[in-house]
Amino acid sequence: MTTPPVSAPSFRAPKGTYDLLPPQSAEHLAVREALAAPVRRAGYGYAETPGFEQVELFARGVGESTDIVTKEMYTLTTKGGDRLALRPEGTASVLRAALEAGLHKAGNLPVKLWYSGSYYRYERPQKGRYRHFAQVGAEAIGAEDPALDAELIILAVDGYRSLGLTGFRLLLNSLGDRECRPAYRAVLQDFLRGLDLDDETRKRIEINPLRVLDDKRDQVRARLGGAPLMRDHLCEACRDYHDEVRELLGAAGVPFEDDPRLVRGLDYYTRTTFEFVHDGLGAQSAIGGGGRYDGLSEMIGGPALPSVGWALGVDRTVLALRAEGVAPKVPPATEVYAVPLGGQARRTLFSLVTELRRAGVAADFAYGGRGLKNAMKSANRSGARFALVAGERDLAEGVVQLKDLHSGEQTAVPLSAAGEEVRARFGSSS
Ligand code: HAM
């Protein structure tokens with residue numbers, strides 16, 4: 001009887017997504033950890049929220065007229081009739097969770113939270129722009145203090161720098177507040193209405209004129225030359241606040257560029273807004289961004305809680321590192337690889353591997369009863385520094401062979417001291 005031909009796998013990762021598998025997955029994990037480390041050291045506690053929320057949370061929070069809400073949300077209606085959306089961003093979710101739990105009532109403001117996870121946007125996929133991507137984010141909820149804005153920006157810069165990233169720039173702007181923005185908005189609308197623009201852009205002038213300033217099309221940009229800028233219309237409080245943020249950044253050795261046209265694609269921003277861009281990435285150059293969102297809590301039914309935060313893109317940070325030729329430091333997946341020859345050695349080395357792992361050594365084992373040659377190939381491929389090899393004769397002599405896979409040097413070590421010996425060598429070899 002012949003077996004039917006095995007057909008090629010017919011499923012692929014959905015468009016705009018990719019799988020993370022070894023060895024590249026280790027790079028992503030290292031980037032996530034490095035970006036989160038500075039906020040963890042600065043009093044931010046870990047938050048995790050569901051991957052989906054009520055559509056209305058994002059519609060109200062991110063803004064009805066934003067691309068994210070009008071075009072990019074993955075929405076669904078449950079069998080129970082709830083309208084849900086896969087989260088396109090983290091700020092609205094994290095603030096919703098903090099309000100729901102009453103964290104702001106504990107009297108210890110700001111509530112500082114960090115998070116890391118998957119986000120979903122139905123965007124046109126291209127390099128650096130995916131439909132499923134990862135962010136590390138941080139939010140400081142319930143305090144209005146320029147030092148808090150500066151803290152978050154500094155912590156993001158420290159995260160990028162700890163990875164060895166150098167070719168990024170910080171763009172900084174202030175979008176004013178409810179005092180000064182309405183008047184500026186009206187002045188901007190007057191200016192824009194006088195321009196020769198297409199119908200869609202004319203509609204945007206009425207709904208969200210600031211977004212027109214951020215238009216990337218050359219024909220629109222060419223007409224915006226003399227557009228009034230928010231920075232010339234900031235009220236005194238906003239101007240002082242912004243000056244203080246700038247001063248604190250300067251004192252911390254964080255260079256920035258004032259970008260009076262930086263608007264960002266989410267409607268909740270007030271005052272400080274910023275973006276980190278990397279010039280080695282092409283069109284999708286933003287590796288992170290954020291700002292202050294003093295009105296968001298009230299927009300989603302909470303009390304007044306002025307807040308600030310950011311989200312850093314993990315996928316794009318990985319691409320930026322590659323563009324700079326910098327490899328994030330990845331701990332070795334395996335440090336010691338055990339190769340048993342025969343049944344008794346198998347049991348003995350298996351115990352030794354367990355002991356090593358419990359002592360914090362990354363150890364692996366040649367499973368599947370392969371011969372010495374194949375097992376040594378696996379040992380080399382695993383990236384391990386040492387192999388522990390033992391056959392019946394070694395065991396009879398009470399030893400295991402410890403082989404340095406870099407130098408090829410091999411020494412017999414007493415079995416009873418093998419764990420200690422490996423740990424000692426490890427300390428000196430790494
Ligand atoms: P955002 O600018 O929409 O802000 O996203 C932050 C970062 O996520 C971007 O700079 C980019 O690196 C990454 N990112 C966004 N979309 C994609 C995509 N389709 N593919 C790959 N990477 C992407 C926010 O999400 C706000 N919640 C940030 C914030 C927090 N503001 C205040 N607090």
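As the structure lists them, so they are numbered: ligands from 1, and atoms in each ligand from 1. What you see is a predicted model, and the numbers here were worked out from it, not measured in a lab.
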[X] vs [Y] side-chain heavy atoms within contact, under 4.5 Å:
| X | Y | value |
| --- | --- | --- |
| Tyr241 | Arg292 | yes |
| Met376 | Leu405 | yes |
| Glu48 | Tyr115 | no |
| Thr270 | Arg178 | no |
| Cys235 | Asp177 | yes |

Task: Electrostatic pair Arg385:Glu335 at N-O distance under 4.0 angstrom - done: no

Open item on the list: Taking the basic N atoms (NZ, or NE/NH1/NH2) and the acidic carboxylate oxygens, is any pair closer than 4.0 Å for Arg217 and Asp215?
Closed with: yes

Closest protein heavy atom (residue, atom, distance) for [atom]:
| atom | result |
| --- | --- |
| atom 30 (C) of ligand 1 | Thr91 OG1, 2.9 Å |
| atom 20 (N) of ligand 1 | Tyr130 N, 3.0 Å |
| atom 21 (C) of ligand 1 | Gly128 O, 3.3 Å |
| atom 27 (N) of ligand 1 | Glu89 OE1, 2.6 Å |
| atom 13 (C) of ligand 1 | Gly313 CA, 3.8 Å |
| atom 4 (O) of ligand 1 | Arg264 NH2, 3.0 Å |
| atom 19 (N) of ligand 1 | Glu123 OE2, 2.6 Å |
| atom 14 (N) of ligand 1 | Phe133 CE1, 3.5 Å |

Below a 4.0 angstrom heavy-atom separation, can you tell me which part of [X], side chain or backbone, both or neither, approaches ligand 1?
| X | result |
| --- | --- |
| Glu139 | side chain |
| Gln135 | side chain |
| Tyr269 | side chain |
| Ile287 | backbone |
| Leu266 | side chain |
| Tyr268 | side chain |

Task: Atoms in ligand 1 with a heavy atom of Arg129 nearer than 4.0 Å - done: 19 (N), 20 (N)

Task: Sub-4.0 Å atoms of ligand 1 with respect to non-hydrogen atoms of Ala311 - done: 6 (C), 7 (C), 28 (C), 29 (C), 30 (C)

- [ ] Please name the residue in the list Leu312, Thr317, Leu321 that meets the side-chain contact (heavy atoms from CB on, under 4.5 Å) test with Ile287.
- [x] Thr317

Task: Cation-pi geometry met for Arg40 and Tyr46 (6.0 Å, 45°) - done: no

Task: Ring center gap for Tyr130 and Tyr18 short of 6.0 angstrom - done: yes

Between [X] and ligand 1, does any nitrogen or oxygen pair lie at a separation below 3.5 Å?
| X | result |
| --- | --- |
| Gly288 | yes |
| Asp315 | no |
| Ala286 | yes |

TODO: Just say parallel, tilted or perpendicular for the rings of Tyr120 and Tyr74, cut-offs at 30° and 60°.
DONE: perpendicular

TODO: Could you label the plane-to-plane angle of the Tyr367 and Phe350 rings as parallel, tilted or perpendicular, counting under 30° as parallel and over 60° as perpendicular?
DONE: perpendicular

